[in-house]
Amino acid sequence: MRTHKAIAVKWLGILLAISMILAGCSNGNSSSSPEPSPAASSGSSSEGAGGGSSEEIDWKTVKADIRFVYPGTSESEKLFAENFKSAMKEKYPNVNIEFMYLSWADMEKKISVMISTGDVPDIATTQDVTNFVQMDGLEDLRPYMEREDSTVKTDNFLPGTLDYSTIDGKIYAAPATANAFNLMVNEKMLNDVGMKLEDLQTWEDLEKAAELMTQDGKYGFGYPLGVARFAFRVPFTAGYSNDLVISDTSEQSKAKYIELLNHFKNLEPFQPKAHLTWGYPEMFRAYSNGEVGIIPAGTFFSANVYSINPDIINVSRAIPYPKGPSGSAAKTPVANSGFGIYKGSKNKEVSWRLIEELLSPEFNSTQAAILNISAEKATSLDEVIKKAQDVYPKAIDGHKRVIEDFLAMVDNTGVPMDKIVGQPEMETAVQEIMVKLLTDKMSVEEAYNDIKKSIDTVSAKYAN
């Protein structure tokens with residue numbers, strides 16, 4: 001098993017390369033303690049940003065109603081949330097946490113409405129912060145991290161992971177786990193048709209495997225097209241292995257784009273027709289039940305399938321998306337999932353204290369046990385595996401192997417995931433066009449032209 005130290009060394013080369021391509025109403029919550037300045041040290045009196053002395057917080061009596069936006073909808077993630085809530089209630093008796101279970105697909109749209117109406121929650125669970133930053137929705141956490149007594153410092157994280165949450169020097173989320181997008185393969189189904197995991201080296205190999213696995217009412221591939229976020233994410237993931245970022249519609253990338261669209265056209269006969277309406281729940285259920293042999297997923301895999309069929313983890317392997325015809329190598333886009341504070345929150349100090357708790361070794365190791373890879377240097381990999389035995393007791397051997405697969409992917413094929421301004425709008429356009437392409441309502445060339453037009457329109461909207 002690789003150590004965090006070894007992984008950190010690799011991450012230094014991979015993730016420090018991330019380039020930054022981007023340059024007050026009440027929410028109805030109550031707090032009996034005045035809100036200290038972000039520059040103030042939690043629990044101690046110090047000079048505030050305006051030069052005045054900020055008021056000390058008594059953490060034994062502080063009162064606050066905290067709304068925590070949490071898209072972790074798997075059973076294990078919900079259990080983590082409730083356990084965290086109970087632990088915080090014991091430690092801070094007058095702090096009440098309300099978890100808002102919003103799916104990733106709906107979260108940004110709903111939160112944008114809340115921000116525009118002033119009904120702002122407090123704690124954000126984040127992946128890509130780009131669009132929330134565009135709407136001025138997140139607090140800069142750098143002043144909090146730079147406090148003398150802060151337990152969350154900028155050097156706490158595996159090299160580079162913090163960069164995905166940083167724009168123009170401001171830090172909008174504290175990373176908890178590292179995210180990687182990839183393929184999950186039912187190794188038994190693959191072996192049963194005469195292929196091995198190491199045979200999946202190219203897109204052509206993947207198409208061959210999907211064809212062979214499609215028999216007796218089972219299918220080789222499952223692409224969830226029913227939700228725009230996931231309809232976009234799959235070609236986005238595959239594009240990296242063809243040296244293509246899906247937002248790049250330059251003439252130099254056209255041939256790679258055409259190859260990408262042809263690839264999914266080639267896979268279409270080996271997918272159940274229902275995939276056109278699938279979101280992640282339907283995709284994971286079909287895979288868990290052995291109805292589909294290969295799906296696009298990520299480091300969140302075990303958390304989504306364990307409650308459906310724990311046995312599927314024991315026959316599953318994680319691999320990078322294979323190399324495309326114009327690609328230099330198979331690549332795995334890597335980002336992070338973390339926690340931020342909404343700018344309109346009236347409970348920023350309490351929210352920051354809770355984020356410090358979330359990122360403590362105790363709770364971070366539990367999150368990593370559920371979601372596989374921690375972004376924190378101090379989190380012990382041995383402790384993660386130990387806790388995973390309680391989270392996935394019926395599939396611990398398979399889960400350990402999946403963790404090893406993910407660590408190897410990040411180690412060997414991981415590349416920084418690009419941040420794309422206006423991505424949600426692009427997602428909707430790509431979804432509509434991919435559905436038309438895969439239902440024979442337009443040609444590959446027509447699909448390319450429509451995607452290019454849509455992406456260029458969105459890019460122009462956010463330029464400068």
Side-chain angles (χ1 to χ4, degrees), residues 73-75 105 181-231 233-235 237-238 261-298 300-322 392 394-395 397-399 401-402 405 431 434-441 444:
T73 53
S74 68
E75 292 305 313
F181 295 151
N182 62 287
L183 293 180
M184 298 302 304
V185 181
N186 184 323
E187 191 173 19
K188 183 180 184 303
M189 284 182 66
L190 184 67
N191 294 164
D192 286 346
V193 297
M195 292 186 71
K196 297 179 180 179
L197 209 63
E198 53 266 31
D199 294 332
L200 300 178
Q201 299 295 318
T202 67
W203 285 3
E204 187 177 0
D205 296 332
L206 177 60
E207 293 164 12
K208 176 184 176 182
E211 180 178 10
L212 292 173
M213 296 166 87
T214 301
Q215 56 179 299
D216 302 326
K218 298 180 180 181
Y219 296 87
F221 198 77
Y223 168 14
L225 262 171
V227 176
R229 179 182 182 85
F230 309 133
R233 179 178 292 171
V234 179
T237 300
L261 297 175
N262 271 317
H263 171 56
F264 286 99
K265 189 72 173 174
N266 293 341
L267 285 170
E268 183 57 22
F270 317 123
Q271 303 194 70
K273 294 301 180 185
H275 89 95
L276 296 169
T277 61
W278 281 357
Y280 263 5
E282 295 82 10
M283 178 192 73
F284 281 123
R285 184 167 297 280
Y287 180 83
S288 298
N289 292 334
E291 298 166 9
V292 173
I294 302 173
I295 57 170
F300 42 81
F301 167 74
S302 294
N304 281 278
V305 301
Y306 184 79
S307 63
I308 304 171
N309 177 17
D311 292 337
I312 195 65
I313 298 175
N314 292 321
V315 297
S316 294
R317 301 297 301 273
I319 66 169
Y321 210 103
Y392 304 112
K394 296 180 181 179
D397 290 339
H399 182 67
R401 189 173 62 171
V402 167
D405 286 344
Q431 178 194 30
M434 291 299 290
V435 169
K436 291 179 181 178
L437 171 67
L438 300 182
T439 54
D440 296 323
K441 291 184 172 63
V444 167

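For the single chain, residues carry numbers from 1 onward in sequence order.
Only one option out of Asn191, Asn186, Asp192 pairs with Lys188 in a side chain to side chain donor-acceptor pair (under 3.5 Å); it is Asp192.
A donor-acceptor pair is defined here as one N or O able to donate and one able to accept, closer than 3.5 Å; no such pair exists between the side chain of Asn304 and the backbone of Phe301. Between the side chain of Asn182 and the main chain of Pro320, no donor-acceptor pair closer than 3.5 Å is present. At least one donor-acceptor pair under 3.5 Å links the side chain of Gln431 to the backbone N or O of Gly226.
To the nearest 0.5 Å, atom OH of residue Tyr287 and atom CG of residue Asn309 are 10.5 Å apart.
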- Task: Go through the steps for Glu187 and Arg401 under the test salt bridge (Lys or Arg N to Asp or Glu O under 4.0 Å), then give the verdict.
- Result: CA-CA 12 Å; Glu187 191 173 19; Arg401 189 173 62 171; 3.6 Å; yes
- Kindly determine whether Phe270 and His275 satisfy ring-ring contact (aromatic ring centres under 6.0 Å, His included), including the steps that lead there. CA-CA 11 Å; Phe270 317 123; His275 89 95; over 10 Å; no
- Going through the distances and angles, do Phe264 and Trp203 end up as a side chain to side chain contact (heavy atoms under 4.5 Å, CB included)? CA-CA 10 Å; Phe264 286 99; Trp203 285 3; over 6 Å; no
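Inspection of the Tyr306 and Ser288 side chains reveals no N or O donor paired with an N or O acceptor under 3.5 Å.
Partners of Asp205 under the side chain to side chain donor-acceptor pair (under 3.5 Å) rule, at least two apart in sequence or in another chain, are Thr202. Not counting sequence neighbours, Tyr223 has no partner by the side chain to side chain donor-acceptor pair (under 3.5 Å) test. Partners of Asn289 under the side chain to side chain contact (heavy atoms under 4.5 Å, CB included) rule, at least two apart in sequence or in another chain, are Arg285, Glu291, Ile308.
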